[in-house]
Number of protein chains: 2
Amino acid sequence: MSMQDMAKQARLAGIRLAAADSETKNKALQAVIDGLRANTARIIEANTHDMEGAEADGLAKPLLKRLKFDEPKIETVIAGIESLIGLDEPVGKVQSVTELDGGLELSRVACPIGVIGVIFESRPDALVQIGTLCLKSGNACLLKGGSEAAETNRVLADVLIEAGDKAGLPSGWLGLMETRQEVSQMLGLDEYIDLIIPRGSNEFVRHIMDNSRIPVMGHADGICHVYVDEGADIHMAVRIVEDSKCQYPAVCNAAETVLVHSKIADVFLSKMKDTLEARGVDLRGDDRTVELIGCKPASEQDWRTEYLDLVLAVKVVDSLDEAVEHINEYGSGHTDAIVTKEQQSAEKFMQRVDSADVLVNCSTRFADGYRFGLGAEVGISTSKLHARGPVGLDGLMTYKYRLIGNGHIVADYAEGRKKFTHRKLQ
Amino acid sequence: MSMQDMAKQARLAGIRLAAADSETKNKALQAVIDGLRANTARIIEANTHDMEGAEADGLAKPLLKRLKFDEPKIETVIAGIESLIGLDEPVGKVQSVTELDGGLELSRVACPIGVIGVIFESRPDALVQIGTLCLKSGNACLLKGGSEAAETNRVLADVLIEAGDKAGLPSGWLGLMETRQEVSQMLGLDEYIDLIIPRGSNEFVRHIMDNSRIPVMGHADGICHVYVDEGADIHMAVRIVEDSKCQYPAVCNAAETVLVHSKIADVFLSKMKDTLEARGVDLRGDDRTVELIGCKPASEQDWRTEYLDLVLAVKVVDSLDEAVEHINEYGSGHTDAIVTKEQQSAEKFMQRVDSADVLVNCSTRFADGYRFGLGAEVGISTSKLHARGPVGLDGLMTYKYRLIGNGHIVADYAEGRKKFTHRKLQ
């Protein structure tokens, strides 16, 4: 099927899926669980092929680990679907009701966005998570996973599609893209697709943002900061910096820059240096940092770099204000933390730092849909419109206004024969 | 000042304005009211110059009427600001609170979007409405009004800026653009500007959308439909079509196409024809309509045209489904109405029509922020992301996540020493 036909079919299916009731959708989700169990052998066989291919291609070990999809991983995915079944029905939730006049009632009602295109990395579990989140939220979806996981994804998409068929979902609600060419074609199909969620490298996300009229939700950079305030608990600060940098350096919510108040820079930096160097972190400092701990000098480019590796830029600042200015200038609006004992400093930091997640006395690594208690996440958004920060089910919803009258016309109000009551009912 | 400097200043001011308390912002709004009263003579003088220029340029009468800004209009604007002062503070509203673990609390808090660029038509009252909405919502703004209103807008912007200065708002929170060149430059300043709201012709809005990386909120087309269902009250249907088409044809929520069920097409169309022709409406029908009432034939292009004039396209359909398909294919996702006696048809229409506003038994002309009871509106959005339909104060807000801990690190959870509680507190 051509990409255009797949998108057109998704659009038509999306309109029907939006009207599907809770029972039907939950039946489909249960059928996905049953299908995953019934097809476990087939899934693992496909995954074994993918793993063999990836090993032959010399894929790095951590990536191989993410690609692997075995029984324990299938069970984890099933647990996720079970909790999704248990969630409240998001479609049709009434957000507000206003009486505009006698017999003329306006309600704002949650509804799905429509058709969502998602491009994700080589974790096969991502396909199931994203597909089932879209199903629950009533959105049709077009999915493209990593090419290393092609065989696994094909089987998983089959399982989801079959489950949908069994439960009576409109056919075409889920489409699997398999080539880069299809992704390129998708970018031009703004007539059918309402939102693209790209997950991947900066360059890739930026490429998508620059080459489509379709709105994009996600983030290009994750340049996260930890600011250690004057009078911070040094031990806590070092632990938080260590966790923010080292707990999983390859991800967007890992810290890339530490800012420290000049009044405690001496003590803090020498302790931080010991801890981080023991973890193999390469430090790059501004002049004052270099003077204090003798690390490599940082260039202007360092403040704008998402290392995604055991590298950390360090800068000494003279005030909270200077830290906030640095973050708002060089950061990516993703996640930034302050370590402080002062309530007022914490408040000022949270108000002034213009980022999706502003954290006090904890690690930047907490910024994630699962840890935030949103259930599975479809991504983290650094846009300020629609959804911001980790995006769960909520971010896949929009609303429409329903106005029900009984022959009401505007001329009556414009010409003074009738008046609006504008009474909030809910 | 260069456009770049103006935008940079707005960005810095926005961060401070976001932290301004209710009292300061309401004091500024009161100072705007005082300023409008104190400067009434100056405002009217400037507006008289604008009116003279516009008349000399041969501006059409309805546009001259919109350009005029006299004492009654100033009082209307003041009444709007008074109601704005009375509204709840939107910034800092806590949307949810979750305990992630003991001592680790996450809250989602409403905050301003940042810097908003608004381009609007020649009504000077729009400048005051939009400027004060931005102020109340804590957003810095860059405003460009119609060139015909240049002198009036300059005085009004002065009044708003002076009021802000008096109340202690950060300087640069409001910037006035005066040339098209500045607007063009603004489109490239995505580093400083978070959102553009363009109001104006389709071509203009489309131009903005295609030439900026900054998100755009608004709509290009308003191709609104009225569908008259089988068994509808004919009298009611004719009245609703008349109002939807004729009450103010030059605006986006006026109807452009009527669809009618074949079972009542004969009776309905002949009555509609009499009523609309008496109002000077030019009808263009599909084959069946032409056969029934002998109007001009409609071309494929008619279904996609926003006439903004006393012209109406008419089509006979054989089912509600066909009507819904036509609307989803040719409509603009703005506002569409059904006239029906059947609850089930109404429900199906509201669910399946993929538009911001779906209406039952009332005129499309109701789709507007004031009539919907949202207070002033900054525009009507046909996007499905962020705000949809008429956009009031709500649509100028985003949120951020605040996470407050006490030295919490992710390694403790990843390595099983601690577990998340994920307890909803609010």
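The chains referred to below are lettered A, B, ... by the order of the sequence lines, with proteins before strands, and numbering in each begins at 1.
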Would you check, one step at a time, whether the test salt bridge (Lys or Arg N to Asp or Glu O under 4.0 Å) holds for A:Arg108 with B:Asp357? CA-CA 9 Å; A:Arg108 202 177 108 163; B:Asp357 310 311; over 6 Å; no
Could you walk me through whether B:Ile409 and A:Cys362 satisfy the side chain to side chain contact (heavy atoms under 4.5 Å, CB included) test, starting with their C-alpha distance in whole Å, then the side-chain angles of each, then the deciding distance to 0.1 Å, before giving a yes or no? CA-CA 6 Å; B:Ile409 61 172; A:Cys362 57; over 6 Å; no
Can B:Asp412 and A:Arg239 be said to form a salt bridge (Lys or Arg N to Asp or Glu O under 4.0 Å), step by step? CA-CA 11 Å; B:Asp412 285 338; A:Arg239 260 169 60 93; 3.7 Å; yes
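Residues A:Tyr401 and B:Leu359 are not in side-chain contact: their nearest non-hydrogen atoms beyond the backbone lie 4.5 Å or more apart. The shortest distance between side-chain heavy atoms of B:Asn406 and A:Met236 falls below 4.5 Å. Annotation: side chain of B:Arg213 is in contact with side chain of A:Asp210 (closest heavy-atom distance under 4.5 Å). Side-chain atoms of B:Met350 and A:Ser107, non-hydrogen and from C-beta on, never get closer than 4.5 Å to each other. The shortest side-chain heavy-atom distance between A:Leu106 and B:Arg371 does not fall under the 4.5 Å cut-off.
Across all their heavy atoms, A:Leu385 and B:Leu195 have their closest contact at CD1-CD1, 3.5 Å.
Proximity to chain A involves both the backbone and the side chain of B:Ala387, based on heavy atoms less than 4.5 angstrom apart. Of the atoms belonging to B:Asn328, heavy atoms from both backbone and side chain fall under 4.5 Å from chain A. For B:Ile404, the parts sitting under 4.5 Å from any heavy atom of chain A are the backbone and the side chain alike.
Ionic pairing of B:Arg402 and A:Glu347 is present here: one or more N-O contacts between side-chain nitrogen and carboxylate oxygen are shorter than 4.0 angstrom. Note on B:Lys400 versus A:Asp354: no salt bridge recorded, every NZ/NE/NH1/NH2 to OD/OE distance being 4.0 Å or above.
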